[in-house]
Amino acid sequence: MAAMQRITMVIVVAYVLFNLMIAGTLIADPAQLDATYRGGSMAPTREFLWFSIASFHLFVAAVAAMSLRMRRAAERRWIVLANAGFYLWDALTQWLYWGGHVGLARADLHINAGVSAGCAALLVFAAWSDHDA
């Protein structure tokens, strides 16, 4: 049983912090992000939906953080790859449907989906790089 590879640890810690930053933004000022979507002024229902998304990002961060304490690479990889799958799903669904459907500007769509795709790729690399000594 060995500790997580350094590159994997750096990527997972950055990923956890990234998700905490997203959650904090969505809890503190969801209107800032909401303004990029079609739909007028933000109603309490939409504010609640942003809060729910923030809560999900907190959960994702907590699950990813748990992998930092796991001793076996084979077990850690499943958690890291599950997180990669979440972000790949997010990127693909934005590019294929939701981005245009909710009225994101083309540049915002590509930046948002591209960041998600980049997260997925980094996490796959982190899982691939992690192995027991």
Side-chain angles (χ1 to χ4, degrees):
M1 295 192 200
M4 181 180 278
Q5 298 294 313
R6 185 184 266 338
I7 188 67
T8 301
M9 185 181 305
V10 168
I11 292 170
V12 171
V13 167
Y15 175 77
V16 167
L17 293 173
F18 177 67
N19 277 281
L20 292 174
M21 184 180 70
I22 292 170
T25 300
L26 293 176
I27 290 168
D29 188 14
Q32 173 188 354
L33 181 63
D34 189 74
T36 62
Y37 295 89
R38 175 176 59 201
S41 62
M42 187 167 52
T45 302
R46 278 214 321 263
E47 190 170 355
F48 170 72
L49 292 174
W50 286 120
F51 182 82
S52 295
I53 293 168
S55 298
F56 181 72
H57 280 280
L58 289 174
F59 175 75
V60 165
V63 170
M66 289 185 333
S67 73
L68 295 169
R69 299 195 39 87
M70 298 176 88
R71 294 198 180 272
R72 296 185 62 225
E75 294 169 351
R76 291 189 300 260
R77 277 194 294 268
W78 285 110
I79 290 176
V80 174
L81 289 173
N83 279 272
F86 161 70
Y87 269 92
L88 181 60
W89 171 257
D90 183 57
L92 290 175
T93 58
Q94 285 183 68
W95 274 321
L96 297 175
Y97 180 72
W98 287 110
H101 187 68
V102 297
L104 271 174
R106 191 171 191 81
D108 290 339
L109 166 63
H110 291 307
I111 289 170
N112 200 31
V115 167
S116 290
C119 280
L122 274 173
L123 290 168
V124 168
F125 174 75
W128 175 78
S129 299
D130 194 20
H131 56 278
D132 293 325

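What's counted below: heavy atoms across the whole structure, side chains too, no hydrogens, waters or symmetry copies.
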TODO: Output yes when a side-chain donor or acceptor of Gln5 lies under 3.5 Å from a complementary backbone atom of His131, and no otherwise.
DONE: yes

Open item on the list: Would you compute the distance between atom CG of Leu33 and atom OG1 of Thr25 and round it to the nearest 0.5 angstrom?
Closed with: 8.5 Å

Task: Cluster check Val63, Val124: I/L/V/M/F/W/Y, side chain < 4.5 angstrom - done: no

TODO: Look only at the side chain of Asp132 and the backbone of Arg72, and say whether a donor-acceptor pair between them is shorter than 3.5 Å.
DONE: no

TODO: Look up atom CE in Met21 and atom CG in Leu26, then write down how far apart they are to the nearest 0.5 Å.
DONE: 10.5 Å

Task: Side chain proximity check, Ser67 to Met4, heavy atoms < 4.5 angstrom - done: yes

Task: Considering all heavy atoms, the nearest Leu109-Gly99 contact - done: CD1-CA, 3.5 Å

Could you give the side-chain donor-acceptor pairs of residues 51-59 under 3.5 Å, partners two or more places apart or in another chain?
unit_1, atom_1, unit_2, atom_2, d
Ser52, OG, Phe48, O, 3.2
Ser55, OG, Phe51, O, 3.1
His57, ND1, Asn19, OD1, 2.7

Could you tabulate the donor-acceptor pairs under 3.5 Å formed by side-chain atoms of residues 7-18, not counting sequence neighbours?
unit_1, atom_1, unit_2, atom_2, d
Thr8, OG1, Ala126, O, 2.8
Tyr15, OH, Asn83, OD1, 2.7

TODO: State plainly whether one hydrophobic cluster holds both Val102 and Trp50, where clusters connect Ile, Leu, Val, Met, Phe, Trp and Tyr through side-chain heavy atoms under 4.5 angstrom apart.
DONE: yes

Open item on the list: Between Arg76 (side chain only) and Arg71 (backbone N and O only), is there a donor and an acceptor less than 3.5 Å apart?
Closed with: yes

TODO: Could you tell me which non-hydrogen atom of Ser41 sits nearest to which non-hydrogen atom of Arg46, and how far apart they are?
DONE: O-NH2, 3.5 Å

TODO: Look at the side-chain heavy atoms of Ile, Leu, Val, Met, Phe, Trp and Tyr, link any pair under 4.5 Å apart, and say whether Leu81 and Leu68 land in one connected group.
DONE: no

Task: Heavy-atom pair of closest approach, residues Ala120 and Tyr87 - done: N-CB, 4.0 Å

Open item on the list: Rounded at 0.5 Å granularity, tell me how far CE in Met42 sits from CD in Gln32.
Closed with: 10.5 Å

- [ ] Mind checking side chain to side chain contact (heavy atoms under 4.5 Å, CB included) for Ala121 and listing every partner two or more places apart, or none if nothing turns up?
- [x] none

TODO: Following the transitive rule for hydrophobic clusters with a side-chain heavy-atom cut-off under 4.5 Å over Ile, Leu, Val, Met, Phe, Trp and Tyr, establish whether Leu88 and Trp78 coincide in one cluster.
DONE: no

Task: From CD (Gln94) to NE2 (His110), nearest 0.5 Å - done: 11.0 Å

Task: Taking every non-hydrogen atom, the tightest pair across Glu47 and Pro30 - done: CG-CG, 4.1 Å

- [ ] Give a yes or no on whether Leu92 and Tyr97 share a hydrophobic cluster (residues Ile, Leu, Val, Met, Phe, Trp, Tyr; joining criterion: side-chain heavy atoms under 4.5 Å apart).
- [x] no

- [ ] Look at the aromatic rings of Trp98 and His101 and report parallel, tilted or perpendicular, splitting at 30° and 60°.
- [x] perpendicular

- [ ] Specify the closest pair of heavy atoms between Ala91 and Ala117, including all atoms of both residues, with the distance to one decimal.
- [x] CB-N, 3.6 Å

Open item on the list: Quick check: closest heavy atoms across Ser116 and Asp90, and the distance to 0.1 Å?
Closed with: OG-OD2, 2.5 Å

